[in-house]
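A short write-up of the structure that comes next.
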Amino acid sequence: NAGVTQTPKFRVLKTGQSMTLLCAQDMNHEYMYWYRQDPGMGLRLIHYSVGEGTTAKGEVPDGYNVSRLKKQNFLLGLESAAPSQTSVYFCASSYGTSDVYNEQFFGPGTRLTVL
Amino acid sequence: LAKTTQPISMDSYEGQEVNITCSHNNIATNDYITWYQQFPSQGPRFIIQGYKTKVTNEVASLFIPADRKSSTLSLPRVSLSDTAVYYCLVGRNTDKLIFGTGTRLQVFP
């Protein structure tokens, strides 16, 4: 059981370039999330998905797009990277019920630098 | 959304008990209280969750008073490996939860 994995671990982009971060989970979780964490800050929710084929905006969605074509994968895209998007990005997943809070399982993170 | 307030940082020594208190005055009736731990360069890890009274697992205890306006995470006999940031979250739906800045716990030998 790999849990939640993220690809790549590190990336350096130039302003205006695009890239896609991949998150994969092997726990058959319905819900998946993308967070960003800036130095000394907590995590902020970018986008999330409550099931295959669905996505929704979180707290800071601007400049990002997501897709959930397969249940086990959640992709985060940056169409035109900006220095303000320099951050550590965490993916998470959880079981999907709305009746009770479900533990989120986090990936190891992707450290992105935009020059 | 229920906002939480917790100390920015705490220091302790190995072997001591550490109590981190979180205030959440506007907690809703069906909100849960959840704590996560985050080590440097890693994603957060779930520690414990509760709704009321006391919850204990192999890692920590969570104390919640009757009014539920605060909660206390208790770490018994901390070690150097407990040095981390601890987040208190209040809510029910995972898409509505807010990770604040957390409490940075430093354990000294």
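Protein chains get the first letters and strands the later ones, always in sequence-line order, with residue 1 at the start of each. Just so you know, these numbers come straight off a predicted model, no measurement behind them.
In this structure, the side chains of Q104(A) and Y36(B) come closer than 4.5 Å at one or more pairs of heavy atoms. Counting heavy atoms from C-beta outward, E103(A) and T34(B) have side chains that stay 4.5 Å or more apart. In this structure the side chain of Q42(B) never reaches within 4.5 angstrom of the side chain of F90(A), judged on heavy atoms.
No chain of hydrophobic side-chain contacts below 4.5 Å, direct or via other Ile, Leu, Val, Met, Phe, Trp or Tyr residues, connects V4(A) to L43(A). Clustering ILVMFWY residues whenever any of their side-chain heavy atoms sit less than 4.5 angstrom apart, transitively, puts L80(B) in the very cluster that holds I47(B). Under the 4.5 Å side-chain heavy-atom criterion for ILVMFWY residues, no single connected hydrophobic cluster contains both L89(B) and V60(A). Hydrophobic cluster membership is shared by I48(B) and V90(B), with clusters built from Ile, Leu, Val, Met, Phe, Trp and Tyr side chains linked at under 4.5 angstrom. Residue M19(A) is grouped with residue W34(A) when hydrophobic side chains (ILVMFWY) are merged at heavy-atom distances under 4.5 angstrom, including chains of intermediate members.
The ring-ring contact (aromatic ring centres under 6.0 Å, His included) test applied to F39(B) returns no partner, not counting sequence neighbours. Taking Y86(B) as the reference, nothing meets the ring-ring contact (aromatic ring centres under 6.0 Å, His included) condition, with sequence neighbours excluded.
Nearest approach of Y87(B) to Q37(A), heavy atoms of both residues: OH-NE2, 3.0 Å.
When heavy atoms are compared at a cutoff of 4.5 Å, E59(A) does not approach chain B at all. With a 4.5 angstrom heavy-atom cutoff, R111(A) touches chain B only via side-chain atoms.
The stretch residues 28-91 of chain A participates, sequence neighbours left out, in these disulfide bond (SG atoms under 2.5 Å apart) pairs: C23(A)-C91(A).
Sparse packing is recorded around CD of E79(A), with 12 or fewer heavy atoms of other residues, nucleotides or ligands lying under 6.0 Å away.
Distance check: F106(A) CZ to Q38(B) CD gives 8.0 Å after rounding to the nearest 0.5 Å.
Within residues 62-71 of chain A, no residue has any heavy atom under 4.5 Å from a heavy atom of chain B.
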